[in-house]
Amino acid sequence: MKYYIIAGEASGDLHGAMLITELRKLDPNAEIRFWGGDLMQKAGGTLVKHYRELAFMGFAEVVLNLKTILRNIDICKADISQFKPDALIFIDYPGFNMRIAKWAKVQGYRTHYYISPQIWAWKESRIKAIRRDVDKMYVILPFEKEFYEEKHKFDVTFVGHPLVDAINNHPEFDETEFRNRYHLGHQPIIALLPGSRKQEIVKMLSIMLSVVNDFPDYKFVIAGAPGQDDSFYSQFLTNDHVAFIPNQTYSLLRISSAALVTSGTATLETALFKVPEVVCYKGSWVSYQIAKRIITLKYISLVNLIMDKPIVTELIQSDFNTKRVSEELKKLFEPANRKRILADYNELQLNLGGGGAAKKTAEAIFSDFTK
């Protein structure tokens, strides 16, 4: 069969790679074209466009880059038409994917959505388009099934969270060798996960790194994002207490004592590795003002959203400053607070369901054509 997969961010690349692996087990002769990244390419398939050409952060940034986005949509439609896939698979990235889904449904393509748009957070009106344009929806958060089926009477399949597999299957490694390779010494480590987009990284790291001198006994290590050149990070390596490791976030988290994490999938990854964290976010003033008016969630981190309580501290916009970051980071090393966070992390993992999200999704997509 022929599969066309669209992922527009680093997290989508990870989940797309696991899905491709499972599809190939079921369908060894599968032809796969995709929009994604290096991990999906390694899993097997033909890369059409890398996600680093697609990712724009915030409402204002999307408007400024609208011409590029619309041009990419046209390129995508033309490529799908030429390839003529049996299954069109969307992975999150709703602003782009829902436009393609609307067009694809009219063209008669079978549409599958793996990792739902977060319409429970904002743009709940998208349910109308999802009903019309999506044949099968596979959700990864436990509350999403209830949201879709009870509130909107739209059947979905809960497959569990793919990060459970990604982390459980992450290979063990030699910590001493890892520390030696990246010249980390023997100091305890505070991981910095500043995001995956350049504009996001610059904004977040400028504040994250401002607290380094408050923690002289720790090594701060920047997790380099896939898709970004290592040279981009050199501007931030001006302190002996700061190191940089490219494309090794999971290995870094394995040996970290605490973390500062930009809101997004990384907050959940950090929790599943049992690393106490402070969640941070700061967007442009315009984007934040827009978001504040249309997003009604109590929390911005997946950790707190899934548990529906403040497990980890969130520092948003003006609260994300040197003083607050330093204060909250110090709290992560207080024994009682640390014990409480780790206990909540264990409960979080149980709520995410068992492993096998990509496998279940691949089987559902494959059986849709073979039943």
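Everything numeric here is computed off the predicted structure, so don't read it as measured data.
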Is it the case that [X] and [Y] place a side-chain donor and acceptor less than 3.5 Å from each other?
X	Y	answer
Ser116	Tyr148	yes
Ser210	Thr322	yes
Asp133	Tyr113	no
His50	Asp38	yes

List the atom of [X], the atom of [Y], and the distance in Å for their closest heavy-atom pair.
X	Y	answer
Tyr233	Ala223	OH-O, 4.3 Å
Tyr299	Lys309	OH-CA, 3.3 Å
Leu332	Arg338	O-NH1, 3.0 Å
Leu205	Pro194	CG-CB, 3.6 Å
Leu47	Phe34	CD1-CE1, 3.3 Å
Tyr182	Phe244	CD2-O, 4.3 Å

[X] versus [Y]: any side-chain heavy-atom pair under 4.5 Å?
X	Y	answer
Phe273	Tyr250	yes
Tyr93	Ile115	no
Leu163	His15	yes
Pro117	Phe90	no

- [ ] Applying salt bridge (Lys or Arg N to Asp or Glu O under 4.0 Å), run through Glu22 and Lys25 and close with a yes or a no.
- [x] CA-CA 5 Å; Glu22 295 298 334; Lys25 289 178 184 177; 3.3 Å; yes
Any donor-acceptor pair under 3.5 Å from [X] side chain to [Y] backbone:
X	Y	value
Lys298	Leu305	no
Arg110	Ile89	no
Asp27	Met1	yes
Gln187	Leu184	no

Open item on the list: Once you measure the plane-to-plane angle for Phe143 and Trp120, does it fall in the parallel (<30°), tilted (30-60°) or perpendicular (>60°) bin?
Closed with: perpendicular
Just wondering, are more than 12 heavy atoms of other shown residues or ligands nearer than 6.0 Å to [atom1] in [X]?
X	atom1	result
Lys323	NZ	no
Lys2	NZ	yes
Glu146	CD	no
Glu177	CD	yes

Task: Row check, Tyr138 ring normal vs Lys360 NZ/CZ: under 6.0 Å, within 45° - done: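 Geometry flag: not set, cation outside 6.0 Å or 45°.
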Open item on the list: Which residue is it: Glu327, Glu334, Glu328? I am looking for the one with a side-chain hydrogen bond (donor to acceptor under 3.5 Å, both in side chains) to Lys331.
Closed with: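 Testing Lys331 for a side-chain hydrogen bond (donor to acceptor under 3.5 Å, both in side chains) against Glu327, Glu334, Glu328 leaves exactly one candidate, Glu328.
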Task: Nearest-0.5 Å distance, CG of residue Leu14 to CD of residue Glu9 - done: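 It is 12.5 Å, given to the nearest 0.5 Å.
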- [ ] Kindly state each residue pair satisfying salt bridge (charged side-chain N to carboxylate O under 4.0 Å, His left out) with at least one member in residues 236-260, sequence neighbours excluded.
- [x] Glu172-Arg254
